[in-house]
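Reviewing the structure listed below.
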Amino acid sequence: MSRKNQRGAAGVGALLACVTAFGGAFASPAAAAPAHRPTPPPVSDFKGVNWADPRDNYAHDAVVPSGLSTADSYATTYAKSKAIIGGFSKLGANTVRLPVNPTSVNGPFWKSYRGAIDAATAKGFKVILGYWEADNAKDGKIDDQASWDRMWARITSAYVGNSKVYFEPMNEPFGYTAQEWTDIAAKWVTTHRNVPRDRVLIGGYKYSEDVKPVCADPRLKGVRLALHNYGFWHTDWTSVDQWKADFKSRIGDCASRTILDEFGASMTTGLDYNGPAGTSNEIAYIQAATDTIRELGLGSVYWPGLRNGDTYSLTTLQGTGTNLSLTVNNQSGLDRLHYAWKQ
């Protein structure tokens, strides 16, 4: 989002051929839709983290999650991702949200970047692929319609047959009115009618901050809703109850469809999220968020599970090459996630 810097460092219609050069262990998913669809999981089964580019996912070039490189092969990307996803699994997560943009998908990086997606789904993770606009735009609108269309055609062709992969047409569409955004979202759903609606996440209005207008649109019946909420939006709020009321006001009666796929606070500054809020808006906010997730049965994807240089990052990346691991930056923050996830 365009306000993310306030944290303090705080998506060719032709099918891609499966990657076979590295053998069955690295085979890409089949593009054909499954004959028998599994029962869609409830939103409460989305217990995840964002894996982000150090630049906050806004990039005009390829967006590259922390620890990966455009110079890496598919095999190396898969191996690195397997290690990092393994680290997320140890946190109790079963979902990862990854960024995509036209340069990443329509260009040469896509061949290797698929290794990250494939490694995650092989681990049993649900993968949310969300489009982010470029760093030289940041106007809350799709940068280039033709490139965006090609990107999503390529992504959905590759992964419509993998029930673990979910599609989020745009991250934080704040440049559009509610009507403009729901029109765009409805067109995406119609264009990609081969994608089951329960595998589509449509961001809320503005900074994905209010899902009610999307929830109310009959053209979007059956899609999941992506909500964002951050503590720095109200730095003077230190009441847990005030934060909880705010969260609920953004959801309305749409909790059964809502995934809070961005929320986070400082994890490298020593805050105790298990203690009293006192004068800390961040503690009050995290306690309210996790209380609300648990109470309403929301899906949730913390921002970020890993992002190099971000004080909000739940973990720090350790190691070199493909020998990678994660260390937890704030155990009390992880405790609160476990509480939200009923773990």
Side-chain angles (χ1 to χ4, degrees), residues 1-4 7 40-50 52 57 93 95-99 126 128-132 140 166-178 181-182 184-185 188-189 197-217 220-234 237 240 242-265 282 284-305 312 336-337 340-341:
M1 67 191 306
S2 63
R3 290 179 283 182
K4 276 179 181 154
R7 298 175 185 162
V43 291
S44 59
D45 194 49
F46 288 75
K47 304 169 183 180
V49 294
N50 281 267
N57 295 346
T95 303
V96 64
R97 182 170 178 252
L98 287 168
K126 290 179 280 293
I128 300 170
L129 300 176
Y131 160 70
W132 293 62
Y166 295 76
F167 311 95
E168 187 175 352
M170 186 172 184
N171 172 77
E172 298 183 351
F174 62 89
Y176 300 111
T177 65
W181 173 234
T182 51
I184 291 168
W188 192 98
V189 170
R197 287 186 173 227
D198 57 81
R199 287 173 53 200
V200 180
L201 277 73
I202 301 298
Y205 177 46
K206 293 184 179 178
Y207 290 89
S208 297
E209 66 193 67
D210 186 343
V211 300
K212 296 192 300 295
V214 178
C215 184
D217 195 311
L220 297 172
K221 181 179 180 180
V223 305
R224 302 182 193 260
L225 312 172
L227 176 68
H228 294 181
N229 201 343
Y230 282 104
F232 62 78
W233 290 356
H234 299 286
W237 287 10
V240 174
Q242 186 175 20
W243 275 111
K244 288 173 70 172
D246 181 69
F247 268 99
K248 292 177 180 180
S249 72
R250 299 170 184 275
I251 298 168
D253 59 0
C254 307
S256 66
R257 297 170 62 187
T258 300
I259 299 171
L260 182 63
D261 72 359
E262 279 196 31
F263 72 108
E282 291 191 287
Y285 156 82
I286 285 292
Q287 291 182 354
T290 51
D291 282 353
T292 304
I293 292 164
R294 183 182 177 100
E295 177 186 345
L296 299 184
L298 305 178
S300 56
V301 188
Y302 178 83
W303 177 279
Y312 281 32
R336 292 303 306 185
L337 285 182
W341 296 342

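Keep in mind that what you see is a predicted model, and the values were worked out from it rather than measured. For the single chain, residues carry numbers from 1 onward in sequence order.
Remark: L225 CG to T258 OG1 distance equals 4.5 Å, nearest 0.5 Å. Rounded to the nearest 0.5 Å, atoms CD1 (I293) and NZ (K47) are 11.5 Å apart. A distance of 13.0 Å separates CD in Q242 from NZ in K244, rounded to the nearest 0.5 Å. Between the CG atom in L260 and the OG1 atom in T292 there is a gap of 9.0 Å [rounded to 0.5 Å]. To the nearest 0.5 angstrom, D45 atom CG is 10.0 Å from I259 atom CD1. Here D261 contributes atom CG and L298 contributes atom CG; the two are 11.5 Å apart, rounded to the nearest 0.5 Å.
Considering every non-hydrogen atom in both V211 and A226, the closest pair reads CG1-O, 3.8 Å. The two residues A178 and P213 come nearest to each other via the heavy atoms CB-CB, 4.1 Å. Residue P173 comes nearest to S208 through the heavy atom pair CD-OG, 3.8 Å, listed as atom of the first residue, atom of the second, then distance. Here the closest heavy-atom approach between residue W188 and residue V200 is recorded as CZ3-CG2, 3.7 Å. A pairwise comparison of heavy atoms in G297 and V43 identifies O-CG2, 3.3 Å as the closest pair. Counting all heavy atoms, side chain and backbone alike, A185 lies closest to I202 at CB-CG2, 3.7 Å.
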With side-chain contact (heavy atoms from CB on, under 4.5 Å) as the criterion, how do F247 and E295 come out once you've worked through the C-alpha distance, each side chain's angles and the decisive distance to 0.1 Å? CA-CA 12 Å; F247 268 99; E295 177 186 345; over 6 Å; no
Does D291 form a side-chain contact (heavy atoms from CB on, under 4.5 Å) with R336? I'd like the steps, not just the answer. CA-CA 9 Å; D291 282 353; R336 292 303 306 185; 2.9 Å; yes
Test Y230 against E209 for side chain to side chain donor-acceptor pair (under 3.5 Å), laying out the working first. CA-CA 9 Å; Y230 282 104; E209 66 193 67; over 6 Å; no
Worked check of side chain to side chain donor-acceptor pair (under 3.5 Å) between R97 and N57: CA-CA 11 Å; R97 182 170 178 252; N57 295 346; over 6 Å; no
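The backbone N or O of P41 lies less than 3.5 Å from no partner atom in the side chain of K126, so there is not a single donor-acceptor pair. Listed for the Y285 side chain is no donor-acceptor partner under 3.5 Å among the backbone atoms of W233. Side chain of W237 to main chain of W243: no donor-acceptor pair is present (N/O by atom type, distance under 3.5 Å, no hydrogens or angles). One N or O on the side chain of N50 and one on the backbone of Y302 form a donor-acceptor pair closer than 3.5 Å.
For the pair D198 and R257, the salt-bridge criterion is not met [side-chain N within less than 4.0 Å of a carboxylate O].
Surrounding NZ of K206 are at most 12 heavy atoms belonging to other residues, nucleotides or ligands under 6.0 Å away.
Proximity of Y131 to P169: side-chain heavy atoms (C-beta onward) are nowhere separated by under 4.5 Å. Considering only heavy atoms from C-beta on, E262 comes within 4.5 Å of N171 through its side chain.
Partners of W181 under the ring pair (Phe, Tyr, Trp, His ring centres under 6.0 Å) rule, at least two apart in sequence or in another chain, do not exist in this structure. When the salt bridge (Lys or Arg N to Asp or Glu O under 4.0 Å) test is applied to K212, the partners found at least two apart in sequence or on another chain are D210. For the ring pair (Phe, Tyr, Trp, His ring centres under 6.0 Å) test, no residue two or more places apart in sequence or in another chain qualifies with F167.
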